[in-house]
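We use all heavy atoms of the structure for the numbers below, so side chains are in, but hydrogens, waters and symmetry mates are not. This chain uses plain numbering: 1 for the first residue, then up along the sequence.
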Amino acid sequence: QVQLVESGGGVVQAGGSLRLSCAASGRTFSNYVMGWFRQAPGKEREFVAAISRNGGSTYYANSVKGRFTISRDNAKNTFYLQMNSLKPEDTGVYSCAAGGFYSGSYVRFASDYEYTYWGQGTQVTVSS
């Protein structure tokens with residue numbers, strides 16, 4: 001079992017920044033691919049970003065590329081999502097997830113069914 005706890009959500013004006021954190025416990029953190037997904041009201045959950053086990057590869061949805069940065073600190077069992085230049089359409093519940101797969105294409109990293117463990121989510125609201 002892996003337990004994931006997100007933090008760092010909040011309300012911010014458009015153009016502002018937030019940094020989300022996801023703390024993991026339970027198993028060896030570095031054995032997992034980590035991802036961020038979000039869900040806006042009335043919409044399906046969508047992929048935001050993912051990072052490989054050693055942090056050497058990162059993947060981003062086109063909608064956040066160039067504005068968001070995913071990173072991880074395996075020594076602290078924590079990974080992060082730095083969100084800059086936020087837009088109202090970035091509003092939603094952001095959830096972190098851990099997947100036991102090792103590698104694959106962008107499609108694999110972006111597929112929520114590849115992830116086994118999920119946090120409860122943190123609300124991000126961007127006002128215009």
Side-chain angles (χ1 to χ4, degrees):
Q1 288 286 344
V2 175
Q3 292 78 42
L4 301 173
V5 179
E6 302 96 339
S7 61
V11 180
V12 64
Q13 288 191 332
S17 299
L18 283 174
R19 188 194 196 202
L20 304 184
S21 299
C22 177
S25 62
R27 289 195 174 179
T28 305
F29 180 65
S30 59
N31 286 347
Y32 293 89
V33 167
M34 303 302 296
W36 286 100
F37 292 77
R38 67 186 181 190
Q39 187 166 19
K43 294 188 177 181
E44 292 188 355
R45 182 165 58 193
E46 65 174 356
F47 170 73
V48 176
I51 188 166
S52 61
R53 294 184 179 195
N54 65 1
S57 297
T58 56
Y59 305 83
Y60 297 94
N62 286 336
S63 59
V64 307
K65 199 173 295 183
R67 299 187 298 121
F68 291 11
T69 302
I70 190 171
S71 61
R72 67 189 297 163
D73 186 338
N74 286 347
K76 295 183 178 179
N77 288 356
T78 304
F79 82 118
Y80 309 94
L81 186 69
Q82 178 66 44
M83 304 186 295
N84 298 329
S85 302
L86 283 161
K87 304 176 181 179
E89 51 263 43
D90 294 319
T91 294
V93 176
Y94 284 68
S95 299
C96 63
F101 62 100
Y102 184 75
S103 63
S105 66
Y106 171 89
V107 171
R108 188 173 194 186
F109 280 85
S111 299
D112 58 1
Y113 58 80
E114 293 283 1
Y115 295 82
T116 305
Y117 303 104
W118 291 81
Q120 291 193 336
T122 185
Q123 177 70 44
V124 171
T125 302
V126 184
S127 61
S128 57

For the pair R72 (side chain) and G55 (backbone), establish whether a donor and an acceptor sit closer than 3.5 Å, ignoring hydrogens and angles.
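Not a single qualifying donor-acceptor pair exists.
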Expected output: side-chain E6 to main-chain G121 donor-acceptor under 3.5 Å:
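Yes.
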What orientation do Y106 and F47 show, parallel under 30°, tilted 30 to 60°, or perpendicular over 60°?
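Y106 vs F47 ring planes: perpendicular.
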Please say whether the positively charged group of R27, taken as NZ for Lys or CZ for Arg, lies over the ring of Y32, i.e. under 6.0 angstrom from the six-membered ring centre and within 45 degrees of the axis.
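Here R27 fails the 6.0 Å and 45° test against Y32.
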Please determine whether residues V12 and W36 belong to a single hydrophobic cluster, defined as Ile, Leu, Val, Met, Phe, Trp and Tyr linked transitively by side-chain heavy-atom distances below 4.5 Å.
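In one cluster with V12: W36, yes.
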Applying a strict under-4.5 Å side-chain criterion to I, L, V, M, F, W and Y, I'd like to know whether I51 and V48 cluster together.
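Yes; tracing contacts between hydrophobic side chains, which count when under 4.5 Å, links both residues.
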Test applied, ring-ring contact (aromatic ring centres under 6.0 Å, His included); reference residue, F109; option that passes from Y59, Y115, Y60:
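When Y59, Y115, Y60 are each tested with F109, the ring-ring contact (aromatic ring centres under 6.0 Å, His included) holds only for Y59.
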Answer yes or no: is there a side-chain heavy-atom contact under 4.5 Å between [X] and [Y]?
X: Y80; Y: D73; result: yes
X: V64; Y: M83; result: no
X: V93; Y: F37; result: no

Keeping to residues at least two apart or across chains, list the salt bridge (Lys or Arg N to Asp or Glu O under 4.0 Å) pairs with something in residues 97-108.
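Only R108-E114 qualify under salt bridge (Lys or Arg N to Asp or Glu O under 4.0 Å).
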Sequence-distant partners of Q1, side chain to side chain contact (heavy atoms under 4.5 Å, CB included), two or more places apart
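Side chain to side chain contact (heavy atoms under 4.5 Å, CB included) check on Q1 returns Q3, Y117.
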